Protein chains: 2
Amino acid sequence: MPPDTTRSHATLTDVAKAAGVSVGTASKALNGRFDVKRETRERVLRAADELNFRPNALARGLLAGRTQSVGVITNDLDGRFAPKIVVGVENALGADQSSVLLSITRGDPELEAHYIRSFQERRVDGILIVGNIPESRPPARGLDRTPVVYVFSPSSSPEDASVIADNVAAGRLAAEHLIEQGKRHIYYLGGPPEEVAARDRGQGTREQILAAGLSVSPLQILYGTWAEQWGWDAVGGILASGAPVDGLVCGDDQIARGAIDRLLSEGVSIPDRAAVIGFDNWWILAQNSRHPFSSVDMELEAIGGRAARILTTGAPAPGVVAHPGHVVARWSTIGDAPR
Amino acid sequence: MPPDTTRSHATLTDVAKAAGVSVGTASKALNGRFDVKRETRERVLRAADELNFRPNALARGLLAGRTQSVGVITNDLDGRFAPKIVVGVENALGADQSSVLLSITRGDPELEAHYIRSFQERRVDGILIVGNIPESRPPARGLDRTPVVYVFSPSSSPEDASVIADNVAAGRLAAEHLIEQGKRHIYYLGGPPEEVAARDRGQGTREQILAAGLSVSPLQILYGTWAEQWGWDAVGGILASGAPVDGLVCGDDQIARGAIDRLLSEGVSIPDRAAVIGFDNWWILAQNSRHPFSSVDMELEAIGGRAARILTTGAPAPGVVAHPGHVVARWSTIGDAPR
DNA sequence: TTGAAAGCGCTAACAC
DNA sequence: GTGTTAGCGCTTTCAA
């Protein structure tokens, strides 16, 4: 008789029957327990293979009380940050044989609550709440006792666990890199002053310049928008002012690109007369442009992985873990590689 | 007595007990069945609310035979295509109260097989296999009878269901748009000739030019790479040749950007003397550049949504569904909006 | 070493 | 209307 094709999957009972043993024995055999005769085990394994047996994770989870799965709540998935974070999460959990349940809220608190509920019904072992801006957010509601870790956007409650990017440290790294290249007159072209990421990166830049014994006037710390046009305009202004400038820390890669385009169009040679570094290390801009440029990689994958590991390793400890990035040096600060 | 906090979640039995009814009645009440007295229902609902009851989806799924969940297998999640596709999938399924199980294979067939197995054990209702290049791929192995739809990279087997981007149609749309703007001497600057996406978009461009009664020589259909530099170089070559040119269909947004930069640097006015259109409508390039440009949006979210709906609506019909995009017109073809 | 049986939490069929 | 019961597929005692 051919295998039963009416039901979608063979059950353990089917396997046991085919192998001529009881379900209990079949279970032990498949789970590699030692109290099964070798010959029996082999018979069971063969039967399972022939029937294409897939142990029902629902039944297992129901019994075990845990599901080897975590829920991930994101604001968006096509922005700049969430995709890489989720990749890091998935990598970390995949190694743990855990599954990722993904949801997208578009910032809607109602939807967030809905997904939290849905994840709880599915008995996920934990929940990651991934933000898309580096600003703190109120803790999610309706959380029961499911463990939660906030990622990128920290929770405003000190009782919660969060993993975020350390923008102050990143700013320091950027400035340090320029100073190491011998630059002495460094400007910071930041994003909007009301955004904490823009301010933090600026603060780090400033701190590091001062730490190197160089001076920095308020005129060298500028705020604008996250756009190319701002980088372009700002460089125009600085050059027109006649003030000395040999290094630019740009608040993000878009600003950096605008700055570089302007420098080149004004005939300023890069990196000799002026070096430029951005943030985020977005490959489409920093790497794939006609003029590749240096950038501080915020290591979003590592941030995601770290959050996932914190979530799945006992109860997450309250507090914020800030993750620094690292500098990826390219033409705009170190010139073309020697051949 | 305070509610039991030792176990993680209240069960239906707890709720029934608290409401002074049997589990059967509690179940009916919570599921809105009509054969329950109103007063009883309200008592049950109140008890459920007080105990923060979350019906165990594992138990439900075990009984029902379906889990309201689908597995999504992607190659990557930080590339150009997968994120938007997954967003479309999630939106479509969320409306259906279904969950998305996400996995990333990095193109490793072993990992793909592993995730398929894992999804089958979790009894997902279907699987979406999302590619990251528009080339066909061999069907996945070990699939049992779980329904599958391939997305973006179609399956090479005609028995499978696939939803892909229609690059030929997209090429036609791009050329049509330039022709509508009165352009008569159109070039195509494509990606690598060995890639079907590059060829398809070129073919569509060519077809539409001919359909409009214009001529197109092989010299006007050029292939290179997907990079800005190629757009920059190609435009240089065309201008140097002195051949007439007033429209450029660029194989992707990076090429378009390079082409635009070169045209501007050579003093060619856009869009009057030459109009430019790209593909993919990648906001960081097409929209956020200093010079925004037109692009054919491949509607990846719609593709993902369509695939999800096909998957969850009965058995997917074999064959390939090709999804055309639409033109997003910006400065590079229609100039600045009148004020 | 193996088998029988209880039970995870829920729904649906059948009594009352 | 409401209660009782039989499983869904699995793991885990406890006997044999």
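Naming convention: chains lettered A, B, ... in sequence-line order (proteins, then strands); numbering from 1 in each chain. Bear in mind the structure is a predicted one, so any value in this text is a computation, not a measurement.
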Would you please say whether a donor-acceptor pair under 3.5 Å links the side chains of A/Arg122 and A/Gln120? no
Output the single nucleotide from D/dC10, C/dT2, D/dT5 whose closest atom is nearest the side chain of A/Pro55. D/dC10
Grab the CG-C1' distance between B/Leu58 and C/dT11 for me, whole Å please. 15 Å
Integer-rounded Å distance: D/dT2 P and B/Glu42 CD: 12 Å
Tell me whether A/Thr74 contacts the main-chain N or O of A/Val130 through its side chain, where contact means a donor paired with an acceptor under 3.5 Å. no
Basic-acidic side-chain contact under 4.0 Å: B/Glu112, B/Arg137: yes
Under-4.0 Å side-chain N/O to phosphate OP1/OP2 contact, B/Thr11 with C/dG9: no
Tell me whether the OP1 or OP2 atom of D/dC8 has a side-chain N or O from A/Asn56 closer than 4.0 Å. no
Heavy atoms of B/Pro147 and B/Asp125 approach each other most closely as CD-O, 3.5 Å
Between B/Asp14 (CG) and C/dC8 (P), how many Å, whole number? 11 Å
Of the options C/dG3, D/dT2, D/dT11, whose atoms approach the side-chain atoms of A/Val21 most closely? C/dG3
Would you tell me if any nitrogen or oxygen in the side chain of A/Thr25 comes within less than 4.0 Å of OP1 or OP2 on C/dG3? yes
Side-chain N or O of A/Arg60 less than 4.0 angstrom from OP1 or OP2 on D/dG9? no
Any B/Arg33 side-chain nitrogen or oxygen under 4.0 Å from OP1 or OP2 of C/dA12: yes
If you assign each of B/Val36 and B/Leu62 to its closest nucleotide in DNA chain D, which residue comes earlier from the 5' end? B/Val36
To the nearest angstrom, how far is B/Leu30 atom CG from C/dG9 atom P? 16 Å
Selection from D/dT4, C/dT2, C/dT11 that lies nearest to any side-chain heavy atom of B/Ser22: D/dT4
With B/Glu90 as partner, the option from B/Val72, B/Val100, B/Leu102 fulfilling side chain to side chain contact (heavy atoms under 4.5 Å, CB included) is B/Val100
Specify the separation, in whole Å, of atom CZ of A/Arg54 and atom P of D/dC10. 12 Å
Using a cut-off of strictly less than 4.0 Å, decide whether A/Ser27 has a side-chain nitrogen or oxygen near OP1 or OP2 of D/dT11. yes
Over how many whole Å does the gap from A/Arg43 atom CZ to C/dG3 atom C1' extend? 14 Å
Of D/dG1, D/dC10, C/dG3, the nucleotide closest to the side chain of A/Lys28 is C/dG3
Taking 4.0 Å as the cut-off, does a side-chain nitrogen or oxygen of B/Thr40 come that near to OP1 or OP2 on D/dG1? no
Within the structure shown, what part of the strands sits under 4.0 Å from A/Phe34 by heavy-atom distance: base, sugar-phosphate, or nothing? nothing
